[in-house]
Protein chains: 2
Amino acid sequence: MGISERKEREKGEMKKMITTAAMKMFLEDGYAKTSIRNIADSIEYSPGTIYLYYKDKDELLYEVQGQAFLQLLEAFKKNATSKDPIKRLEQLGKTYVSFGLENPELYDLMFIIRAPMNVDDELHKDNGAESFYYLVDCLGECMKNGLLIFKDHMQAALQVWSMMHGLVSLNLRCRLKVMVMGEESIQPILFKAVEEYLDSIRV
Amino acid sequence: MGISERKEREKGEMKKMITTAAMKMFLEDGYAKTSIRNIADSIEYSPGTIYLYYKDKDELLYEVQGQAFLQLLEAFKKNATSKDPIKRLEQLGKTYVSFGLENPELYDLMFIIRAPMNVDDELHKDNGAESFYYLVDCLGECMKNGLLIFKDHMQAALQVWSMMHGLVSLNLRCRLKVMVMGEESIQPILFKAVEEYLDSIRV
DNA sequence: TGGATTTACTGAACACCATTCAGTATATTT
DNA sequence: AAATATACTGAATGGTGTTCAGTAAATCCA
């Protein structure tokens, strides 16, 4: 009986169609300004249809977040390739910062917008986990070889991630204007910060 | 002619009444869930009246942000009192982290919610500037005495603030759940991070 | 094959939202 | 006392997320 398989497949295609349109519009106009009606319009279905595939707008956001984290993971896999774990850590940091600078709307979706994960804690496993473990692995390898000042693995991950996220998110919220007066591109400044920071945590 | 003075005063009182109600409701229900109608109701005026005092909801948010930064500044003044600039830097960091943990909704308003400053750059001078210069001063004093590893003042401020903001905001968005498994209170963990980080940037 | 049933979708309706503005009532000035 | 300026109202406009009775097509079962 191939019918139910086809139905399943069609359901998946429809979900993908919705999330693809949603992602596109979230990035172009921002999450808040994208309405269910707009999304429905753009895929030429009625608003009600979207609710047959997603419980609410938050669930749609959650799905798009998942894709965004996949993109970050891809960027990690592509750029953080060095055999030397210390060098790789720097690649990770710079990839992270670049990702945030180049995809500000995406970064917003992933980290800044209040997402449904606040509600349904354990239902879904965290979207960001896989990218995060990429960092944890790298840190673990550095620490195994005694290359970092940290004693505790969790503290290491916490501090490194906080620094990277802090650099990106302060910048995205324009708080850096307070200090960065000139018109120089922000990227070299943040890269310098990454380099200096990583130097400061080496033994 | 005392009439125009009284009018001025009454206008100020009305603005304060609105922002006070708005702040209260933003903190209780969040910015998104607080409507102009609700605020108007709570102060027993019509919605239209609020628009006689504030251009739109964003301007109201901006005003509330200003108050929030004042609160942070007060916390700094109260807690960061040590003569030793290094010790004071630690007090600043812990005050910052505590502030974020104890007032999550306020912290959201200040840093995370997309605020009108994105639009009217130069019109208002930045709300957070004064609190920020408190940190800059402290860092300057440390560096003047050669106590920190930084060579550039801007990089110092950027990195320290990013770390503090990263610690707080990752936590507020529950991203730390990925790594902090246990039920232990989050505060000691973040304090430890602050201590370790500040140790790592000392000469 | 033909009637019953399930599935997919619609779009109007509901209860909200931010914002505007003609109208009104009070206070001030002339 | 009349004219003007000020402060406020609340209905109206054009949006929002979400629901749900109704419809039409696809599938199932006799």
Side-chain angles (χ1 to χ4, degrees), chain A residues 1-19 21-23 25-26 28-65 109 113-116 118-120, chain B residues 1-19 21-23 25-26 28-65 109 113-116 118-120:
Chain A
M1 188 57 69
I3 288 177
S4 63
E5 276 87 341
R6 175 175 54 86
K7 291 262 164 134
E8 200 73 15
R9 183 162 23 89
E10 280 171 354
K11 196 152 195 163
E13 279 160 15
M14 189 68 170
K15 287 192 93 171
K16 183 142 228 163
M17 191 174 169
I18 295 170
T19 45
M23 163 86 88
M25 300 179 76
F26 287 171
E28 273 167 18
D29 313 320
Y31 177 71
K33 279 187 186 158
T34 303
S35 70
I36 297 288
R37 278 174 175 79
N38 297 155
I39 299 171
D41 262 14
S42 88
I43 59 171
E44 297 174 294
Y45 279 84
S46 90
T49 302
I50 289 177
Y51 288 87
L52 299 174
Y53 296 89
Y54 293 98
K55 186 175 125 281
D56 54 23
K57 205 186 167 189
D58 270 354
E59 196 169 288
L60 203 43
L61 170 61
Y62 190 83
E63 198 77 21
V64 171
Q65 275 183 344
L109 291 182
I113 291 171
R114 226 180 249 289
N118 295 323
V119 186
D120 42 50
Chain B
M1 186 58 71
I3 288 176
S4 63
E5 276 87 341
R6 175 175 54 85
K7 290 261 163 130
E8 200 73 13
R9 185 164 18 91
E10 281 172 355
K11 197 152 192 162
E13 279 161 13
M14 189 66 170
K15 286 192 94 170
K16 183 142 227 163
M17 191 174 170
I18 295 170
T19 45
M23 164 85 87
M25 298 178 78
F26 287 170
E28 275 168 16
D29 314 320
Y31 177 70
K33 279 187 187 160
T34 302
S35 70
I36 297 287
R37 279 174 173 76
N38 298 154
I39 299 171
D41 264 13
S42 88
I43 59 170
E44 296 176 295
Y45 279 84
S46 91
T49 302
I50 289 176
Y51 288 87
L52 299 174
Y53 296 89
Y54 293 98
K55 185 175 127 282
D56 53 23
K57 205 185 168 189
D58 270 354
E59 196 169 288
L60 202 43
L61 170 61
Y62 190 82
E63 197 77 22
V64 171
Q65 274 184 343
L109 290 184
I113 292 173
R114 226 181 249 287
N118 295 324
V119 186
D120 41 51

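Naming convention: chains lettered A, B, ... in sequence-line order (proteins, then strands); numbering from 1 in each chain. What you see below is based on every heavy atom in this structure, not just the backbone, and it leaves out hydrogens, waters and symmetry mates. A quick note: this is a predicted structure, and the numbers were derived from the prediction, not measured.
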Upstream residue (5' side of DNA chain C) when Asp56(B) and Met14(A) are each assigned their closest nucleotide
Met14(A)
Separation of [N] [atom2] from [X] [atom1] (nearest whole Å):
X: Met17(B); N: dA7(D); atom1: CE; atom2: P; answer: 15 Å
X: Asp29(A); N: dG15(D); atom1: CG; atom2: P; answer: 15 Å
X: Lys7(B); N: dA7(D); atom1: NZ; atom2: P; answer: 5 Å
X: Ile18(B); N: dC8(D); atom1: CD1; atom2: C1'; answer: 12 Å
X: Lys57(B); N: dT20(C); atom1: NZ; atom2: P; answer: 15 Å
X: Ile43(B); N: dA7(D); atom1: CD1; atom2: P; answer: 15 Å
X: Asp41(A); N: dT16(D); atom1: CG; atom2: C1'; answer: 14 Å
X: Tyr51(B); N: dT13(D); atom1: OH; atom2: P; answer: 17 Å

[X]: what forms a side chain to side chain contact (heavy atoms under 4.5 Å, CB included) with it, not counting sequence neighbours?
X: Lys7(A); answer: Ile3(A)
X: Glu28(B); answer: Lys24(B)
X: Asp41(B); answer: none
X: Glu13(A); answer: Arg9(A), Glu10(A)

Mind checking salt bridge (Lys or Arg N to Asp or Glu O under 4.0 Å) for Glu8(A) and listing every partner two or more places apart, or none if nothing turns up?
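Result, salt bridge (Lys or Arg N to Asp or Glu O under 4.0 Å) vs Glu8(A): none returned.
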Contact pattern, 5' to 3', of nucleotides 10-16 of chain C - B, S or - by protein heavy atom under 4.0 Å
BB-B---
Just so I know, are the side chains of Tyr45(B) and Ile39(B) near enough to count as touching, which here means a heavy-atom distance under 4.5 Å?
no
Is the phosphate of dC8(D), meaning OP1 or OP2, less than 4.0 Å from a side-chain N or O of Tyr53(B)?
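Yes, within the criterion.
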